[in-house]
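What you see is a predicted model; the values in this text were computed from it and never measured. Read the numbers this way: they start at 1 and go in the same order the structure lists the ligands and their atoms.
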Amino acid sequence: MSMVSAKLDLHTHSTASDGLLTPTELVTQAHEAGLSMIALTDHDTTNGLAEAQAAGAAMGVEVVPGIEINTYLPHGQGEAHVLGYYLDTANADLQAFLQFLRDTREKRGERMVALLREQGYDVTWARVRELAHGAVGRPHVARALMEKGYADSIADAFDRYISPGRPAYVPRFKMVPEDAVRMLRSVRGVPVLAHPLRLFGLEDDLLPRLMRAGLLGLECYYGEYDEPTVENLLALAEQHGLIATGGSDYHGPGVHPTPLGGHYVPPEASTLLRAMADRLATEPAPPFTPPSH
Ligand code: AMP
Ligand code: ZN
Ligand code: FE
Ligand code: FE
């Protein structure tokens with residue numbers, strides 16, 4: 001009963017966060033690329049899902065509800081991103097917390113623009129807000145910098161102005177990945193650690209910690225990860241009993257090198273995610289636990 005040509009991509013972004021394509025444009029591109037399934041995993045919002053699912057229904061592309069929560073490791077050890085699949089988007093506590101996260105993203109975006117302006121760069125918050133249709137992120141600030149000729153590319157803008165240690169960097173709301181995992185479990189989502197390569201203390205410390213918090217998957221097939229890297233991550237997932245997932249992290253044309261559907265993801269990944277979500281749906285969910293703030 002296997003669909004021989006099933007192609008899927010479980011990590012994508014739309015204009016609901018920092019992608020360049022609207023949910024409809026994204027699904028259209030997935031359809032044109034021959035994908036049968038995508039997960040929409042926008043940062044801190046599920047607001048693109050309804051449109052994506054409507055477009056998907058019309059075009060025969062299954063749209064898996066997803067999200068990506070960017071968090072920080074303690075002690076300045078960098079970022080860890082947590083994906084969540086099949087989460088209950090109707091949960092009011094969840095939506096209130098996501099709104100809080102997006103509100104803090106606005107204040108942070110304004111602060112980054114203020115820092116740039118103090119240093120003589122003529123970018124405006126109004127323009128950044130115009131470029132962002134939903135959750136504001138550094139990529140929107142980067143685009144505003146590029147438009148004014150202060151950077152040659154998004155990556156260049158990050159490197160020069162808005163990466164940690166650079167003059168206009170402001171962190172997001174501080175949340176540890178355990179909190180994102182617990183929050184996702186409380187809304188019956190399947191939490192997956194995103195692009196885990198080079199995460200500080202991954203094998204010996206981070207993964208065990210996240211598993212105690214309720215982690216269920218590891219993103220093994222990702223963007224430009226080469227075959228040996230994927231094999232190593234698959235072994236790690238297997239060893240911990242985690243579902244191996246994957247995707248391109250597509251943000252629109254020209255943002256990252258990997259095109260939509262550009263990294264092979266076995267259909268089994270979606271089957272296992274779905275089965276896990278179905279199982280979680282039959283169990284009582286732990287109470288909603290928003291990160292302390
Ligand atoms: P934020 O969540 O606002 O801090 O923005 C982080 C997001 O910006 C990541 O999730 C990526 O989508 C994107 N990003 C981070 N670094 C780069 C980079 N060097 N070039 C392009 N996009 C980047
Ligand atoms: Zn992004
Ligand atoms: Fe990410
Ligand atoms: Fe992403």
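In this structure the side chain of H251 never reaches within 4.5 angstrom of the side chain of L20, judged on heavy atoms. Taking 4.5 Å as the limit, every side-chain heavy atom of L207 sits out of range of all side-chain heavy atoms of E203.
Paired with H81 under the rule side-chain hydrogen bond (donor to acceptor under 3.5 Å, both in side chains), one option of N70, T41, T71 passes, and it is N70. When T258, D9, T12 are each tested for a side-chain hydrogen bond (donor to acceptor under 3.5 Å, both in side chains) with S248, only one passes: D9.
At a heavy-atom cutoff of 4.0 Å, ligand 1 is contacted by no atom of H13, backbone or side chain. Contacts with ligand 1 closer than 4.0 Å are made by side-chain heavy atoms of D18 only, the backbone lying farther away. Neither the backbone nor the side chain of E68 comes within 4.0 Å of ligand 1, counting heavy atoms alone.
Residue E79 has no nitrogen or oxygen atom sitting less than 3.5 Å from a nitrogen or oxygen atom of ligand 1, judged on distance alone. Between H256 and ligand 1, no pair of N/O atoms sits closer than 3.5 Å. The distance criterion of under 3.5 Å between nitrogen or oxygen atoms is not met by D159 with respect to ligand 1. Taking distance alone, with nitrogen or oxygen atoms compared against 3.5 Å, H81 stays at or beyond that limit from ligand 1.
Nearest protein neighbour of atom 6 (C) of ligand 1, counting heavy atoms only, is R138 NH2, 3.7 Å. The nearest protein atom to atom 15 (C) of ligand 1, hydrogens excluded, is given as F158 CE2, 3.4 Å; this is a heavy-atom distance. Counting protein heavy atoms only, atom 21 (C) of ligand 1 is closest to I154 CG2, 3.5 Å.
Atom numbering of ligand 1 starts at 1 in the shown order; those under 4.0 Å from a heavy atom of G137 are 3 (O).
The aromatic rings of Y161 and Y121 lie perpendicular to each other, with more than 60° between the two planes, well past the 30° mark.
Between E110 and K107 there is no salt bridge, since no side-chain nitrogen of the basic residue lies less than 4.0 Å from a carboxylate oxygen of the acidic one. Electrostatic pairing of R129 and E106 counts as a salt bridge here, judged by a charged N lying under 4.0 Å from a carboxylate O. We find that K7 and E62 are not joined by a salt bridge, their nearest charged nitrogen and carboxylate oxygen being 4.0 Å or further apart.
Around the Fe ion (ligand 4), the protein contributes the following N, O or S atoms at distances under 2.8 Å: H11 NE2, H13 NE2, E68 OE1, D249 OD1.
L21 and V255 end up in different hydrophobic clusters when Ile, Leu, Val, Met, Phe, Trp and Tyr side chains are linked at under 4.5 Å.
Under the 6.0 Å distance and 45° angle rule, R172 counts as a cation-pi partner of Y72. Cation-pi contact between R274 and Y86: present, with separation from the ring centre below 6.0 Å and deviation from the ring axis of at most 45°.
Closest heavy-atom approach to atom 3 (O) of ligand 1 among the candidates R108, H43, R172: R108. The option with the heavy atom closest to atom 9 (C) of ligand 1, from among V255, I69, D44, N70, is N70.
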